[in-house]
2 protein chains.
Amino acid sequence: MFDKIDPRSPTPLYEQIAGRIRVAIAAGELEGGHNLSSVRQLASTLRVNPATVVQAYRELEREGFVELRHGAGTFVRGVSEQRKKSERVRGAAQLVRGLLAEAARLGVNGEDLRTALDHELGRKVP
Amino acid sequence: MFDKIDPRSPTPLYEQIAGRIRVAIAAGELEGGHNLSSVRQLASTLRVNPATVVQAYRELEREGFVELRHGAGTFVRGVSEQRKKSERVRGAAQLVRGLLAEAARLGVNGEDLRTALDHELGRKVP
DNA sequence: CCAAGTGTATCGTTGTACTAATACAGTAAG
DNA sequence: CTTACTGTATTAGTACAACGATACACTTGG
């Protein structure tokens, strides 16, 4: 899962790490109860400091994707399909609000955004 | 135009300044050729360092909204309605691509985004 | 119980964004 | 020309995020 991680990328290491795991969970590749690599183990694999892995795990914990158990390990949280969907909707709403704020800042209206989104989505799934 | 500017806001001062002017231009309140306040003048008005105003003007220049003329002043660029629209479309597309990248990072799919966008827009313009 | 594993907490170094200070260079009206 | 205005460039200080180093505390299998 972690063949390529780029230390020179503008996106922080811990974000890259969290990102991989996040999508793996969201895609169902990692099921609830799965025991993730330990902090030191993953850090060693990635040639990264353990604290950086911890930061990634903490972010995933705040988002409700994993659970850190002191002395035991880090485990993927089991979430129902129902919950998964509502979480996706909540996440989407938050993203869209950010988008609208940014758009207002640039003088771009909502209709332009809808058109652009349809255009981008249409390209991917025609 | 600059009654309230917040030094304690998380958004940088120069972004706040650029934002006001940007929307004013996009909304047509400032027409092409209009001479903006000088760097020092605006800085004095806002109780801010001139270099901060310069940074705002530079950002607007990169985006093609204004033109800085050494020794003369800073002027609003005249842009045709056609160009304005295409610029808006370009800006919207860029924003949406960023949104999609962020969404992928979080495991949110495009359909969820479209639903969320429609929802948010529907609330504002029912 | 205890040893080897796990996460936790704290601190220091580094890099970068933001803001300011100050000296420089072009323009144009008188 | 001169002067009073414009933008330009360089530098410094501050704040904060990212990353790493190291010592601590909990859990579990033997």
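Per chain, numbering begins at 1; letters A, B, ... match sequence-line order. All heavy atoms count here, side chains included; hydrogens, waters and symmetry mates do not.
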**Study point:** Closest to side chain of B/Y57, choosing from D/dG7, C/dA20, C/dT6
**Key:** D/dG7
Check your understanding: Hey, does the side chain of B/T74 come within less than 4.0 Å of D/dT6's phosphate (OP1/OP2), counting only N and O?
Key -> no
Point to revise | Spatial distance of atom CG (B/L113) from atom CD (B/E120) [nearest 0.5 Å] | key: 12.0 Å
Study note, to complete from the structure: Closest of D/dA18, C/dG7, D/dG20 to the A/Q55 side chain is D/dA18
**Study point:** Length of the line joining A/D6:CG and D/dC19:P, which is rounded to integer Å
**Key:** 11 Å
Check your understanding: Between B/L46 (CG) and C/dT19 (P), how many Å, whole number?
Key -> 12 Å
Review point. What is the distance, rounded to the nearest whole Å, between atom CG of B/N35 and atom P of D/dT6?
Key: 9 Å
Review point. Taking all non-hydrogen atoms of both residues, which atom of B/A56 and which atom of B/Y14 are closest, and how far apart?
Key: CB-O, 3.4 Å
Check your understanding: For A/Q41, which contact category applies under a 4.0 Å heavy-atom criterion: base, sugar-phosphate, or nothing?
Key -> sugar-phosphate
Exercise for review: Name every residue in residues 10-18 of chain A that has at least one heavy atom under 4.0 Å from any atom of DNA chain D, in order of residue number, or write none if there are no such residues.
Suggested key: A/P12, A/L13, A/Y14
Check your understanding: In whole angstroms, how far is the P atom of C/dG7 from the CG atom of A/L42?
Key -> 10 Å
Review point. If you round to the nearest 0.5 Å, how far is CD of B/Q41 from CG of B/L36?
Key: 10.5 Å
**Study point:** Test: A/E67 and A/R69 ion pair at under 4.0 Å
**Key:** yes
Review point. What's the spacing between A/L60 CG and A/Q55 CD if we round to 0.5 Å?
Key: 11.5 Å
Can you pull every protein N or O that's under 3.5 Å from an N or O on nucleotides 27-30 of chain D?
none

Identify all pairs in which a protein N or O lies below 3.5 Å from an N or O of nucleotides 21-23 of chain C, and state each distance.
residue: C/dA21; atom: OP2; partner: B/N49; partner atom: ND2; Å: 3.4

Review point. Out of curiosity, B/L95 CG to B/R90 CZ, how far, rounded to the nearest 0.5 Å?
Key: 10.5 Å
Check your understanding: Whole Å only: how far is the CD atom of B/E67 from the C1' atom of D/dT6?
Key -> 14 Å
Check your understanding: Do any N or O atoms from the side chain of A/R114 and from the backbone of B/D118 form a donor-acceptor pair under 3.5 angstrom?
Key -> no
Review point. Rounded to whole angstroms, how far apart are CZ on A/F75 and P on C/dT6?
Key: 10 Å
Point to revise | Pairing of B/K85 and B/E81 as salt bridge, 4.0 angstrom limit | key: no
Check your understanding: Is the shortest distance from a Lys or Arg side-chain nitrogen in A/R105 or A/E102 to a carboxylate oxygen in the other one below 4.0 Å?
Key -> yes
**Study point:** OP1 or OP2 of C/dC18 under 4.0 Å from side-chain N/O of B/T52
**Key:** no
Review point. Any side-chain N or O of B/S38 less than 4.0 Å from the OP1 or OP2 oxygen of D/dT6?
Key: yes
Check your understanding: Is the closest basic N to carboxylate O distance between B/E59 and B/R22 below 4.0 Å?
Key -> yes
**Study point:** Basic-acidic side-chain contact under 4.0 Å: A/E61, A/R58
**Key:** yes
Revision key, fill the gap. Whole-Å distance, B/R8 CZ to D/dA15 P, equals 16 Å
Practice item. Using whole Å, report how far CG of A/L68 lies from P of C/dA9. Key: 11 Å
Exercise for review: Please report the shortest heavy-atom distance between A/P7 and A/L13, naming the atom on each side.
Suggested key: CA-CD2, 3.6 Å
